[in-house]
Structures are given as structure tokens and as C-alpha cells.
Protein chains: 2
Amino acid sequence: MTEVRTSEYVGSCEVTDMPNDPFQWDAREDCEVRQILDRIADKWSLLVMALLENGTLRFTELLRLVDGVSQRMLTVTLRQLERDGLVSRTVHPVVPPRVDYSLTDLGRSLNATVLALVTWTESHQSDIAVARARYDESAAS
Amino acid sequence: MTEVRTSEYVGSCEVTDMPNDPFQWDAREDCEVRQILDRIADKWSLLVMALLENGTLRFTELLRLVDGVSQRMLTVTLRQLERDGLVSRTVHPVVPPRVDYSLTDLGRSLNATVLALVTWTESHQSDIAVARARYDESAAS
DNA sequence: CGGAATCCACGCCGATACTG
DNA sequence: CAGTATCGGCGTGGATTCCG
């Protein structure tokens, strides 16, 4: 194993008071929500999962489809996703080697949930653009 | 303005082929989804928004509630959230100065959407824990 | 083909000091 | 009180090289 760190953050980071908060997750940096958040927000995970939604792909196919990803980062990303049970990896004992990647049920489940966030962004991107324009303009004082 | 970078990533990163993909967002690093993703996934934004869900808070109150955040990062985080129109900032012209922060409607809307993701994580964290344990065990060969 | 290992650059973020 | 400015560590990720 090379990278695939266990997200072993250090330092405590707990909210001392959070009355009636709709977000039940605490603020520990290693809490479950943070781990999933880090996964879906990292540079390539979401894109890889989106592509695998259409079916099984080989390593090289992903490398070609995810334009801009390095071999190293694709490997690291796939290992993380595999470790979290979101993607399954199948090695075919042939020469040349062939490795297939596909989504697990858990991965498809997460994809569906993330889609809600993508949808929100699409329907509110103009609001954000307007807000930014206003902010940047008034900041240019 | 000190930090608050406009997420000015460089380099293109487009998916060349993505047939029937449920994720309609392209893979450009500066696409809207990526920007929102970066915002909700950064270290403090989500936590700040969660706290503001309960009502208006002052800078110092946030600094105390978000245990572990530095003054600098709280400032930067709030500026980003304000720029995106997710949080509103109200300066009271008194001495000592008093600044109130609260969620905008847009911020509340995003919070609600993110909550779905938090819920998903809570109901699937055991699956992920099991998957990780299995992976780590088989990797310890 | 599908990696693993190494080196390195850049950006995030924390610590600290200073200010209206 | 609510910032701003500066410095520096360190983690993420890109480029490159080598391997089964």
C-alpha cells in the first residue's frame, strides 16, 4: 500500500455548543460525514464515479475519459473508492493484464444522493453568479 | 482583499466522451458544481453554515463555537460564503464594533440539500466501515 | 496494461503580530 | 471586537521513471 491514508487527522475540533442543530454530525475532523465529504469533493472521485455509472470501464479507458488525470491520481482515487466499498475492482489473469472497475450498489446509492446536490447547483448557479458579481464589484472600491 | 481567490484554476479538464451520463456537469475544474463542491467540502464552511442555521451569530461567537478554527480562517471562510451569497454580513457602526452573520435564503436552501448527503452518510457509514475493514485486512497480506 | 515509487511544486491553512 | 498582514509547515497532486 502506498498512499491511501486512513484520513488520520490529528487535533480535536469539537463544537462545544450546538443547540437544536439540524446537522447531527459533530465537528471532529475524522467524523464520518467529513470522510465522505472529503471523498466526494476530492479532485477526481466524483468524476470517476459518474463515468462508471454507465457501466464497467478498464483502467486505461478511465485514464482516457477523465481528461487531465494523471496515472498516479487515477490509481490513488480508485484505491480509495475501492476501500470505501464504492467501486469494485476485478483483475483478469491474462496477458496483458486487464482490470475492470465498476460501481457497487453502495456507489450507485451515493451517486444518486450526490445528484441532488448537482441539481441544486444547476438551479442556483445564476444566484451565486449574481452574488459574486455584486460582491466583487462592491469590493473594487 | 487578501485571499478569497476566485478559484482561478488553470488547465483544461474536459471529459471527451460521456454518453447518457446522469451527471450533466462537465469536468472543467472551474465548473459550477466544482465550485460549490469546493465550498461545501472545505474545512469550515459547512460547519459555519450549520451553526448559522440556528440564527444570527457574531464573529466572536462563531470563533468560540467552531472550536479549532483560527481567526484568519474564520474570516476567510465567512468572506467566501458572503461572496457566494450564502451568508449575509451586517456591520453595526458602534464601538466596540459588532458584526452579525446569518444565513441567506440561498444558504438555507443549500443547507437543506447538503442535509440529504449527511443523512445518506449516517445510514451508510456502517457499510463503509465494513468495506474499509475488509480492504485493510486483505491489504495486510 | 496497470500499476508502484520517487521527487517536487503549489496552495491551504495555522500561528503570530499588528490595527481601527 | 473584528479584523488584516506575513511567514511557514505540510498535504495534495503532477511529472517522471521503473516494474511484473
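As the structure is a prediction and not an experimental result, all values here were calculated from the model.
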Practice prompt. Answer whether the closest heavy-atom distance between the side chains of A:Glu82 and A:Tyr101 falls below 4.5 Å.
Written response: no

Worksheet item: If you check the B:Thr60 side chain, which of D:dA2, D:dG3, C:dG3 turns out closest?
Response: D:dA2

Worksheet item: Among D:dC1, D:dG13, C:dG14, which nucleotide sits nearest the side chain of B:Arg58?
Response: D:dC1

Practice prompt. Can you tell me which residue pairs pass the salt bridge (Lys or Arg N to Asp or Glu O under 4.0 Å) test with a partner in residues 87-99 of chain A, sequence neighbours excluded?
Written response: A:Arg98-A:Asp100

Practice prompt. To the nearest Å, give me how far apart NZ (B:Lys43) and C1' (D:dT12) are.
Written response: 14 Å

Worksheet item: Separation of A:Met73 atom CE from D:dT12 atom P, in whole Å?
Response: 9 Å

Discussion item. As an exercise, state the distance from CD of B:Gln125 to CH2 of B:Trp120, rounded to the nearest 0.5 Å.
Written reply: 10.0 Å

Practice prompt. Taking all non-hydrogen atoms of both residues into account, name the closest pair between A:Glu53 and A:Asn111 and its distance.
Written response: OE1-ND2, 2.6 Å

Worksheet item: Counting distance only, does the side-chain N/O of A:Thr113 pair as donor-acceptor with the main-chain N or O of A:Ser109 below 3.5 Å?
Response: yes

Worksheet item: Roughly how many Å is it from CH2 in A:Trp44 to P in D:dG14, rounded to a whole number?
Response: 6 Å

Worksheet item: So which nucleotide from C:dG3, D:dA2, D:dG14 ends up closest to the side chain of A:Tyr101?
Response: C:dG3

Worksheet item: From D:dT4, C:dG14, D:dG14, pick the nucleotide closest to the side chain of B:Thr75?
Response: D:dT4

Item to complete: State whether a side-chain donor-acceptor pair under 3.5 Å links A:Ser102 with A:Ser88.
Response: yes

Practice prompt. Can you figure out which of C:dG3, D:dG13, C:dG14 approaches the side chain of A:Phe59 most closely?
Written response: C:dG3

Item to complete: Find the distance A:Leu62:CG to C:dG3:P and express it as a whole number of Å.
Response: 10 Å

Worksheet entry | Of B:Gln71 and A:Glu61, the one whose closest DNA chain C nucleotide lies more 5' | A:Glu61

Fill in: Gap between atoms CG and P, on A:Leu74 and D:dT16 respectively (whole Å)
18 Å

Practice prompt. Output the single nucleotide from D:dA15, C:dA4, C:dG14 whose closest atom is nearest the side chain of A:Arg79.
Written response: C:dA4

Discussion item. In whole Å, I'd like the distance from the CZ atom of B:Arg72 to the C1' atom of C:dT19.
Written reply: 17 Å

Discussion item. Between P on D:dC1 and CG on B:Leu78, what's the gap in Å once rounded to a whole number?
Written reply: 16 Å

Worksheet item: For B:Gly85, does its backbone N or O pair with a side-chain atom of B:Thr104 as donor and acceptor, under 3.5 Å?
Response: yes

Item to complete: Please work out which residues in residues 87-99 of chain A have a non-hydrogen atom less than 4.0 Å from an atom of DNA chain C and list them by number.
Response: A:Arg89, A:Pro96, A:Pro97, A:Arg98, A:Val99

Practice prompt. Round to a whole Å and report the spacing from CG of B:Asp38 to P of C:dG11.
Written response: 14 Å

